[in-house]
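Both counts, for ligands and for their atoms, begin at 1 and track the order of listing.
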Amino acid sequence: MKAKGLKDLLVRKFDKKLYEIIDEDLRLLAEIKDYTIRSGGKRIRPVLHYCMCRILGYKGEKYADVGAIAELIHAASLLHDDVVDEAQTRRGVPSVGSRFGNKTAILAGDYLLACGIYHLNRLNSPELMDIFTQVIKDLSVSELVQMEWERNPKIDSDVYDRVVYGKTASLFGAVCQAAGILAEVPKKNLKKLHEFGIRLGSLFQKQDDAIDYFQAGDQTGKVPLKDFKNGLYTYPVLRLLEKADKNDKKLTHSLFAKEERNEHDEVVILSLLNRYNIRKMLSEEFRSDVEELLRFLKGFPETEEGALVRDQFRKLTEV
Ligand code: FPP
Ligand code: MG
């Protein structure tokens, strides 16, 4: 099967599982469930989990449960995240908060998370329970750290890495490690799988940060310069600060110090990024990160699922 065919099939399978797991008897929850699943993303985490399971030789069906649990944790965190970020849209359509109200978004997020944990408990695996509850802790901590450092010029790459670990990489690490658990690989390989997922998730987040400055718009369904508007120092800006001369550094910080950033500020930050060739620099960096990830996959037999993962990796080099 072609990579795209396999991916579409998996998305349908995971969506069906999500419908089963989110059992609701409130009309409002049913509406939000439909809304979230239908407007719902690329299912990257469950698809990655499935592929890793097959790459590692696991032939069973539990991947569908684990993948759906990962997606539920992710979906719940996004409902909350859009409230925190005051985001009006998600994936090009109104966010749950702006459509149903922020209070509803928070409570519905709690409900999705509860459905995920309930289902996780039913898998009867203390190891999987440990892994995914740790992810939920990481998500919450990183969002608090990010908030604490908003518009703070003292932010450095250690703080940034901590945020990225918690908000994105931790769940990627978990789905790869969980694949190893289902495939019953030796303990030392579980650690390697976790590290692989963490590296992949960090790259995914850095690329997402780059898209915010260089590619957002109709095609991606993302609001351009959203992180900049929110006063968040993200990856392109941290790289800019490393390269910029004293004056440009000062100018960059002065933009983030403002209560709000206007259209002129947007022109200024984009021209600064351009002056120091940050887009090209990131593109090269991401390419080399992908090379490293591919090297890890070379250690496993050729499979259709391996081809799908490699195909997805190529997208991570696009900035
Ligand atoms: C998206 O980042 C943010 C997350 C994936 C994590 C959000 C986590 C919380 C709000 C903590 C609560 C957690 C749970 C499990 C309920 P982003 O804002 O950079 O990306 P975006 O552009 O997609 O919004
Ligand atoms: Mg957000």
Taking C-beta and beyond as the side chain, do Leu200 and Phe313 meet within less than 4.5 Å on heavy atoms?
yes
Presence of salt bridge, Arg90 and Asp81, under 4.0 angstrom
yes
What's the shortest heavy-atom distance between Leu182 and Tyr58, and which atoms?
O-CD1, 3.2 Å
Sub-3.5 Å pairs, protein N or O with ligand 1 N or O:
residue: ligand 1; atom: 18 (O); partner: Asp81; partner atom: OD1; Å: 3.4
residue: ligand 1; atom: 18 (O); partner: Asp81; partner atom: OD2; Å: 3.0
residue: ligand 1; atom: 18 (O); partner: Asp85; partner atom: OD2; Å: 2.9
residue: ligand 1; atom: 19 (O); partner: Lys167; partner atom: NZ; Å: 2.7
residue: ligand 1; atom: 22 (O); partner: Lys226; partner atom: NZ; Å: 3.4
residue: ligand 1; atom: 23 (O); partner: Arg90; partner atom: NH1; Å: 2.7
residue: ligand 1; atom: 23 (O); partner: Arg90; partner atom: NH2; Å: 3.4
residue: ligand 1; atom: 24 (O); partner: Asp81; partner atom: OD2; Å: 2.9
residue: ligand 1; atom: 24 (O); partner: Arg90; partner atom: NH2; Å: 2.8
residue: ligand 1; atom: 24 (O); partner: Lys226; partner atom: NZ; Å: 3.4

Work out how many protein N, O or S atoms lie closer to the Mg ion (ligand 2) than 2.8 Å.
2
Option passing salt bridge (Lys or Arg N to Asp or Glu O under 4.0 Å) with Glu285 (candidates Arg279, Arg239, Lys280):
Arg239
Compare all side-chain heavy atoms of Leu240 with those of Tyr233 and state whether any distance is below 4.5 angstrom.
no
Is the shortest side-chain N to carboxylate O distance from Arg27 to Glu31 below 4.0 Å?
yes
Could you tell me if the ring centre of Phe228 sits under 6.0 Å from that of Phe256?
yes
Ring-plane angle category for Phe196 and Phe296, please: parallel below 30°, perpendicular beyond 60°, tilted otherwise.
parallel
Less than 6.0 Å separating the ring centroids of Phe100 and Tyr35?
yes
